[in-house]
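Presented below is the structure to which this report refers.
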Amino acid sequence: MKLDANLTIPQPPEAPSQAGLQFAVATEEDFDEIMAMSQDIYGGLDYLPTRYTSWLQETNRLVILARKEGKVIALESACVIDDGETLLVEGLRVAPQERGKGVAGVLLRFCSELIKSKYPDVKVSRLTRDDQLGPKDFEKYRIITKQGILLVRFRAEELKLHLGQMMQTEGVRSSVSTRQAPPPPVRLDQTAIHQLYLSTELMQRVLPNATIIQDWQPFKLLPSNLAILLKKDIDWMVDDVCSPTVASLCTFPFKVPIGDDWYYLNIDMFGKDLDLAQQQFLCHLQQHTASLKGHVMCQIFLDPGLWRPMADFCQNTLNVELVKEYTEQCVVESDLL
Ligand SMILES: CC(C)(COP(=O)(O)OP(=O)(O)OC[C@H]1O[C@@H](n2cnc3c(N)ncnc32)[C@H](O)[C@@H]1OP(=O)(O)O)[C@@H](O)C(=O)NCCC(=O)NCCS
């Protein structure tokens with residue numbers, strides 16, 4: 001069901017402390033106002049500017065704004081996935097001057113009510129958090145899975161050069177070594193993705209809690225979710241289609257507001273084998289630095305145990321800069337009561 005901007009949104013009956021809030025479905029015209037209140041978000045790495053227009057087109061998604069005295073002060077996106085059973089909450093933000101007053105809580109509850117009334121089959125709400133969860137959160141949520149987040153920064157042209165040199169040295173080394181290098185990873189096309197992820201149970205032991213997490217979004221292994229994922233520009237890779245140990249999904253580089261020639265590359269990596277994870281990471285980097293010019297922030301989501309050795313590999317072998325120490329993304333779920 002597509003909700004349009006003319007929809008009459010019922011205003012919340014409770015929330016006396018937020019009596020002055022009005023709720024509306026976001027439109028193209030709201031873009032500048034939303035960006036104005038989002039300036040400090042994610043240290044300049046906000047994905048919303050590149051996602052906003054497509055979010056408004058998605059038939060299974062609502063983008064809801066809260067206004068105070070006519071001014072946009074908060075946003076939340078609610079997306080229905082998992083065959084209509086899960087509400088995925090994304091993009092939540094409150095204008096800096098309005099934080100700490102309960103606005104996010106009111107908006108979240110309002111969106112849940114709205115989704116329940118439009119999509120009665122929705123049973124749970126899921127979201128991904130990268131901040132420290134407190135005792136109150138643990139009462140509210142079940143943890144579905146956790147992935148370490150490795151954030152590195154480099155100039156595309158420099159890394160391309162360095163990767164070229166590394167490949168030459170590796171070529172010389174393998175020609176004189178008896179060590180068997182693993183075969184190159186396989187890039188999957190749509191047929192192969194369907195075959196591997198849906199027709200077999202092979203990915204269940206590779207994915208954390210049988211969940212594909214792509215760019216912060218958790219999806220169960222269902223045809224309807226794969227249809228959503230296959231509309232996106234993603235490179236899908238696996239070490240071996242018959243017996244997969246490591247799989248990865250990499251976004252195409254997209255612009256972020258931190259600067260004019262800054263791009264973001266997001267790699268979700270599943271599995272615990274370090275050599276295979278490094279090999280796929282290198283393939284994604286080669287693929288995307290081939291024609292890219294400018295600064296790149298690359299975020300790799302991976303098994304927590306791989307974080308340290310992968311960080312060492314990035315710093316010592318790839319000579320790229322580590323932006324942050326260990327953080328993690330936590331996929332959480334609560335019942336939609
Ligand atoms: C995180 C943020 C939205 C909280 O806004 P706020 O109005 O100050 O929050 P509130 O005063 O309503 O209190 C927090 C409520 O929001 C929830 N909350 C806090 N952070 C959250 C998050 N990242 N995702 C979902 N819910 C969150 C809390 O669990 C709490 O819910 P409760 O009312 O059921 O207890 C706000 O600080 C912000 O915009 N930060 C920058 C953007 C950001 O980090 N967004 C998180 C995206 S994952």
Side-chain angles (χ1 to χ4, degrees), residues 12-23 26 30 33-52 55 61-69 71-79 81 86-116 122 124-147 149 151 213-218 256-258 264 266 268 297 299 301 323-324 327-337:
E14 86 291 13
S17 61
Q18 296 301 327
L21 289 188
Q22 298 88 43
F23 297 88
D30 298 311
E33 235 188 304
I34 293 164
M35 289 309 123
M37 70 146 186
S38 304
Q39 271 167 6
D40 67 330
I41 290 194
Y42 310 132
L45 298 176
D46 190 9
Y47 57 83
L48 191 59
T50 49
R51 301 276 190 271
Y52 186 71
W55 273 13
R61 187 188 289 277
L62 267 174
V63 182
I64 298 290
L65 302 178
R67 292 179 188 275
K68 190 174 167 184
E69 293 160 6
K71 229 173 139 237
V72 175
I73 61 149
L75 172 144
E76 190 208 308
S77 155
C79 184
I81 57 166
T86 303
L87 158 64
L88 177 60
V89 173
E90 288 178 278
L92 178 67
R93 63 204 50 213
V94 170
Q97 73 279 10
E98 299 293 339
R99 289 179 196 160
K101 302 178 188 173
V103 173
V106 173
L107 181 57
L108 283 164
R109 282 185 283 278
F110 172 72
C111 288
S112 299
E113 287 300 320
L114 188 63
I115 290 292
K116 268 195 296 185
V122 174
V124 294
S125 164
R126 281 190 174 191
L127 55 100
T128 309
R129 294 195 39 176
D130 68 348
D131 52 342
Q132 203 72 40
L133 297 179
K136 217 178 143 200
D137 294 309
F138 287 107
E139 280 169 27
K140 205 159 58 171
Y141 299 125
R142 295 182 287 276
I143 308 241
I144 303 302
T145 188
K146 282 181 185 177
Q147 294 276 91
I149 307 175
L151 183 62
I213 312 167
Q214 194 275 322
D215 200 1
W216 302 94
Q217 303 181 323
V256 274
I258 191 168
Y264 210 166
N266 236 321
D268 287 284
M297 281 284 192
Q299 195 156 227
F301 301 90
V323 180
K324 265 198 230 169
T327 53
E328 56 190 13
Q329 69 170 356
C330 206
V331 179
V332 295
E333 177 183 277
S334 62
D335 294 325
L336 212 66
L337 301 171

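Count residues from 1 along the sequence. Just so you know, these numbers use all the heavy atoms, side chains as well, and skip hydrogens, waters and symmetry mates. In each ligand, atom 1 is the first atom listed, and ligand 1 is the first ligand listed.
Shown here are the salt bridge (charged side-chain N to carboxylate O under 4.0 Å, His left out) partners of Glu333, two or more places apart in sequence or in another chain: Arg126, Arg142. By the salt bridge (charged side-chain N to carboxylate O under 4.0 Å, His left out) test, Arg67 is found to be paired with Asp30, Glu33, residues two or more places apart in sequence or in another chain being considered. Residues meeting the ring-ring contact (aromatic ring centres under 6.0 Å, His included) test with Tyr141, sequence neighbours left out: none.
Rounding to the nearest 0.5 Å gives a distance of 8.5 Å between SG of Cys79 and CD1 of Ile115.
Inter-residue side-chain proximity for Arg61 and Glu90 is flagged as met; some heavy-atom pair is nearer than 4.5 Å.
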Nitrogen or oxygen contacts under 3.5 Å, ligand 1 side and protein side:
residue	atom	partner	partner atom	Å
ligand 1	7 (O)	Val103	N	3.4
ligand 1	7 (O)	Ala104	N	3.0
ligand 1	8 (O)	Gly100	N	2.6
ligand 1	11 (O)	Gly102	N	2.9
ligand 1	12 (O)	Gly102	O	3.4
ligand 1	12 (O)	Ala104	N	3.1
ligand 1	12 (O)	Gly105	N	2.8
ligand 1	29 (O)	Lys140	NZ	2.8
ligand 1	31 (O)	Lys140	NZ	3.1
ligand 1	33 (O)	Arg109	NH1	3.4
ligand 1	34 (O)	Arg109	NH1	3.3
ligand 1	34 (O)	Lys140	NZ	2.9
ligand 1	35 (O)	Lys136	NZ	2.9
ligand 1	39 (O)	Val94	N	2.8
ligand 1	39 (O)	Val94	O	3.4
ligand 1	39 (O)	Arg99	NE	3.3
ligand 1	45 (N)	Leu92	O	2.9

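When atom types are taken as modelled, the side chain of Asp268 and the backbone of Asp215 share a donor-acceptor pair closer than 3.5 angstrom.
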